[in-house]
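These notes concern the structure reproduced below.
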Amino acid sequence: MNLLNAGTVPVSDLLSGFICGVVLVSVWIRYRRRSPAFSFWLAAYCLHAASVVLVAVRGRVPEVVSLLSGVPLFLGGTLLLLLGLEYYVGRTDVARSLRLNCVTLALLVLIHVWFTIGWPSWQGRNLNLMLGLTVYTGQAAWLMLRQVTAESRSATRLPGLVFAAFVVVGILRVFVEPAGPAGQGFLKSGLFASLVLGTNQMLFVALAFGLLLMANQRLFLWLQQDIAKRKQAEEALGESEEKFQYVFDHSPIGKSLTLPSGELRPNLSLVKMLGYTPEELRQLRWQDVTYADDLEPTRSAVDSLLAGKTDSARLSQRLVRKDGSIIWVDLATSLRRDEDGKPLYLMSSVMDITEHKLAEEKQERLNRELAAKTTELEQLVYTASHDLRTPLVSVNGFVGELGKSLNDLNAELGRVNVTPAERERLAAVIERDIPFELKFIEAGTARLGALLNGLLRLSRLGRTAIKSEELDMDSLVADVLRSIAYTVKEAGASVAVSDLPRCVGDSTAVSEVVSNLIDNAIKYRSPDRSLILSISGKDECVRAVYCVEDNGIGIDQGSKEHVFEPFYQADPKKSKGEGLGLTIVTRILGRLDGRAWVESEAGRGSRFYFSLPASGPMADGPRPPRA
Ligand code: ADP
C-alpha cells in the first residue's frame with residue numbers, strides 16, 4: 001500500500017503547514033517591524049500553501065489552472081523564502097540578487113507555461129521545477145552555511161543543511177526522473193517518486209523546524225536586547241526622577257505638586273516660607289493656607305485649569321503662615337494630566353513678594369500723604385496770606401494816618417501866630433490821636449508777629465526729628481501742669497488727673513499737645529463759672545486714648561469740624577489766639593501715628609481727645625482671620 005499518494009501528501013502538508021503558519025503569523029505580528037525577513041517568510045508560506053491547496057483540489061478545478069499556477073506559486077514562494085533569509089542574515093545587496101532571481105523566475109515560469117500549453121510534457125515541467133528549486137535552495141544553503149557570522153552559524157546550520165539536502169534531492173531527480181518509465185506521473189506514485197516525496201516531506205518538516213529555531217534564536221537575542229534597553233531606560237528614569245526630586249526639593253523658589261483633592265506636596269522652600277514642618281504641610285490643602293479673601297479667585301483659577309479652559313494661571317495672592325501671619329506671594333501654576341487626560345496634579349511655583357508688596361503699599365501711602373500735604377500746604381498759604389494781609393492793611397492805614405497827623409502838626413507848629421484855641425486842638429492831637437493810632441499799629445504788628453511765630457512753629461514741626469519712646473503719661477502731664485502752674489492758678493482752675501496709660505511717642509511733642517489743649521481750656525473758659533479741668537485716659541488695645549475735658553464756653557455744632565484747620569477761630573471776637581494751636585496738635589499727632597477729635601456743646605464745655613500707639617505686648621495688634 002502506498003501512503004504517499006497525491007491525496008495524503010497535501011493533507012499532511014496542510015496539517016504541519018498549519019502549525020507552522022500559526023507560529024509564523026504570531027511572530028510576524030510581533031516582529032514585522034524589526035526585520036522584513038518575517039514578511040517575506042509569511043508571504044512565502046502563503047504562496048507555498050496556495051500551491052499545496054491547488055494540488056489538493058486537483059480534479060475539482062480545471063487541470064490547466066492547477067497545472068499553470070501551482071508550480072509558479074511554489075517557485076515564487078521559494079524565492080521569497082530566499083529573500084527573507086537574505087534579509088535575515090543582513091545582506092546588503094538584496095536588491096541585486098532580487099533582480100537576478102526575478103529574471104530566473106520569469107524564465108522558469110515561461111518554460112513551465114511552454115511545457116503545459118505549448119508542448120505539454122510532465123518531464124519537462126518536472127525538470128524545470130527541479131532546476132528552479134535547486135537554484136534557489138542552493139543559494140539558500142550557501143547563504144546559511146557560508147555567509148553568516150560565527151555566532152549565528154549554530155542556528156543557521158540546520159536550515160543550511162536542509163537546503164543542501166534539497167539541492168541533492170533536486171539534482172538526483174533531475175538525473176533519475178527523465179530516465180524513469182515514460183508517462184510516470186509526478187504524483188502517480190512509483191517507488192522513486194514516493195521516496196522523493198517522503199524525503200521532501202521530511203525535509204520540509206526539518207526546514208520548518210530549523211527556520212523556527214533560527215528565528216527563535218534571533219528573537220531571544222532581541223528579547224535580551226529589549227530587556228537590557230528597558231533596564232537602561234528604567235535606570236535612566238530612576239536617575240532623572242531622583243534628579244527632579246533633588247531640584248524640586250532644593251529649589252530656592254517654593255514649589256508644590258498639588259493634588260486635585262487640594263492636598264499639598266511641598267518642597268523645602270515652601271515649607272520654610274509657611275513655617276510648618278513638611279509632615280504638617282502635607283496634611284493641609286491649598287484652601288487651608290490661602291487667605292480668606294483670596295480663596296474665591298484662586299478657586300476659580302483652579303477650576304478653569306481642571307476644566308481645561310486654561311493651561312496655566314498666575315496669581316498675586318496672600319497665604320497664611322502657621323503662626324497666623326500673612327505673606328504675599330506670586331504664584332504660577334499649571335496642570336499636569338495623564339495619558340488619558342485625567343488631571344494628575346497642579347505644579348505650582350510660589351515666590352514670596354511680601355517685602356515688595358509692603359514697599360509698594362508704603363510708596364502708595366507716601367504718595368497719598370504727599371498729595372494731602374500739598375493740598376494742605378496750598379490751603380495754609382492761602383489762609384496765611386489772607387490772615388497776614390488783614391493786620392498788614394490795618395497797620396498800613398494807621399501809619400498813613402499817623403504821617404498825616406504829624407504833617408498837620410508840623411505845619412501848624414511852623415506858623416508864628418498860633419491862637420490858644422489852636423494850641424489846645426494841637427495838644428489834643430498829640431495826647432489823643434497819635435497814641436490811638438500808635439496803639440492800633442502796635443496791635444497789628446503784634447498780631448502779625450504772632451501769626452508769623454505760629455507759622456514758624458508749624459514749619460519747624462515738619463523739620464524736627466521725632467523720637468519713638470515709651471512715655472509715662474502721668475509724669476508727662478504733671479510736668480506740663482507744673483510749667484503752667486501760674487496760669488492755671490490765675491484762672492482759678494481746678495485740675496483732676498486720673499491714671500493715664502503709657503504710650504509710645506516723643507516726650508517734647510506730646511507735651512506740646514497736652515500744653516496746647518490745657519491752654520485752650522483755660523483760654524476758652526466760661527466767664528460764668530470757675531473752670532473744672534480733667535485729664536483722663538484709657539487703653540484701647542493697640543491705642544491709648546486721652547481726654548482733656550473742660551466746662552468752658554464749648555464749640556457750636558458748625559464750628560466743631562473746622563477747629564483743627566489752620567487759622568480757624570470759632571468766634572473771632574472771643575478768640576484769644578491765631579487759630580494755629582489745634583493745627584499744631586494734629587500735625588504732631590499725625591507724625592506720631594495718632595489723631596485728635598473733639599466732642600463739644602456750646603455753653604457747656606468741650607472734650608478734646610487724642611490717641612497714640614499703646615506700649616506693651618498688645619501693641620502687635622490682632623491677628624488677621626485664617627482661611
Ligand atoms: P487759637 O489759637 O485761636 O486758640 P486753636 O487752634 O487753638 O486756635 O483753636 C481754634 C478755635 O477752636 C479757637 O479759636 C476756639 O474758637 C476753638 N476752641 C479751641 N479750644 C477750645 C475749648 N477748649 N473750648 C472752646 N473753644 C475752643
Side-chain angles (χ1 to χ4, degrees), residues 376-377 379-384 386-388 390-391 443-444 446-462 477 480-481 483-484 487-488 490-497 509-537 545-591 594-610:
E376 211 174 286
L377 194 68
Q379 183 71 26
L380 187 70
V381 169
Y382 171 79
T383 333
H386 182 266
D387 277 47
L388 286 170
T390 316
R447 170 124 182 93
L448 272 175
L451 276 171
L452 287 171
N453 273 339
L455 281 173
L456 218 59
R457 268 167 76 204
L458 256 183
S459 80
R460 226 181 268 131
L461 267 183
V477 170
V480 172
L481 285 171
S483 69
I484 53 167
T487 326
V488 174
E490 207 185 36
S494 72
V495 185
V497 182
V510 175
S511 297
E512 191 165 358
V513 168
V514 175
S515 152
N516 267 342
L517 294 179
I518 297 175
D519 202 35
N520 275 355
I522 294 170
K523 277 197 297 189
Y524 302 108
R525 65 182 184 273
S526 168
D528 313 327
R529 52 185 178 264
S530 53
L531 172 64
I532 301 170
L533 189 65
S534 92
I535 302 162
S536 59
V545 179
Y546 306 93
C547 176
V548 177
E549 184 176 1
D550 64 57
N551 61 342
I553 59 169
I555 305 163
D556 64 83
Q557 198 62 24
S559 306
K560 248 189 332 195
E561 57 182 297
H562 298 294
V563 288
F564 294 100
E565 290 169 10
F567 303 107
Y568 185 82
Q569 292 163 330
D571 184 352
K573 277 187 225 117
K574 289 185 191 158
S575 183
K576 295 175 177 145
E578 297 74 41
L580 285 173
L582 290 178
T583 308
I584 288 167
V585 165
T586 42
R587 287 289 156 82
I588 291 174
L589 291 170
R591 287 196 70 191
R595 67 184 193 94
W597 64 101
V598 64
E599 284 173 5
S600 182
E601 209 179 310
R604 306 199 62 153
S606 314
R607 273 194 295 270
F608 276 88
Y609 293 94
F610 68 94

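Both counts, for ligands and for their atoms, begin at 1 and track the order of listing.
Heavy-atom proximity to Ala570, at under 4.0 Å, picks out these atoms of ligand 1: 14 (O), 16 (O). In summary, the atoms of ligand 1 found under 4.0 Å from a heavy atom of Tyr568, numbered by their order in the structure, are 10 (C), 11 (C), 14 (O). Annotation for ligand 1: atoms under 4.0 Å from non-hydrogen atoms of Gln569 are 3 (O), 14 (O). Shown in contact with Ile555 at under 4.0 Å from a heavy atom are these atoms of ligand 1, numbered in order with element: 25 (C), 26 (N), 27 (C). Counting the atoms of ligand 1 from 1 in the order shown, those under 4.0 Å from a heavy atom of Leu582 are 5 (P), 6 (O), 7 (O), 9 (O), 19 (C). If you number the atoms of ligand 1 from 1 as listed, the ones under 4.0 Å from a heavy atom of Glu578 come out as 2 (O), 3 (O). Less than 4.0 angstrom separates some heavy atom of Gly581 from each of these atoms of ligand 1: 5 (P), 6 (O), 7 (O), 8 (O). Near Lys523, meaning under 4.0 Å from one of its heavy atoms, ligand 1 places the atoms 1 (P), 2 (O), 4 (O).
Taken from CZ in Phe608 to CD1 in Ile555, the straight-line distance is 4.0 Å, to the nearest 0.5 Å. Going from atom NZ of Lys523 over to atom OG1 of Thr487 covers 11.5 Å, rounded to the nearest 0.5 Å. Rounding to the nearest 0.5 angstrom, the gap separating the CD1 atom in Ile584 from the CZ atom in Arg457 is 3.5 Å.
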- request: Run the numbers on Ile535 and Ile518 for side chain to side chain contact (heavy atoms under 4.5 Å, CB included), then give the verdict.
  value: CA-CA 9 Å; Ile535 302 162; Ile518 297 175; 3.8 Å; yes

- request: Go through the steps for Tyr524 and Asp571 under the test side chain to side chain contact (heavy atoms under 4.5 Å, CB included), then give the verdict.
  value: CA-CA 11 Å; Tyr524 302 108; Asp571 184 352; over 6 Å; no

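The closest protein non-hydrogen atom to atom 12 (O) of ligand 1 is Val563 CG1, 3.3 Å. Looking from atom 23 (N) of ligand 1 to the surrounding protein, the closest heavy atom is Asp550 OD2, 3.0 Å.
The shortest distance between side-chain heavy atoms of Phe610 and Val514 falls below 4.5 Å. With contacts defined as side-chain heavy-atom distances shorter than 4.5 Å, the pair Leu531/Asn551 qualifies. Side chains of Asn516 and Leu582 form no contact here, defined as non-hydrogen atoms less than 4.5 Å apart. Taking 4.5 Å as the limit, every side-chain heavy atom of Glu599 sits out of range of all side-chain heavy atoms of Lys560.
Considering backbone and side-chain N/O atoms, Ile553 never comes within less than 3.5 Å of an N/O atom of ligand 1. Polar contact check, Asn520 against ligand 1: a nitrogen or oxygen pair lies under 3.5 Å apart.
Residue contacts with ligand 1, taken as heavy atom pairs separated by less than 4.0 Å, do not involve Asn516 at all.
Taking each of Phe564, Phe608, Tyr524, Phe567 in turn, the one with a heavy atom nearest to atom 13 (C) of ligand 1 proves to be Tyr524.
Remark: distances from the non-hydrogen atoms of Gly579 to ligand 1 include one below 4.0 Å.
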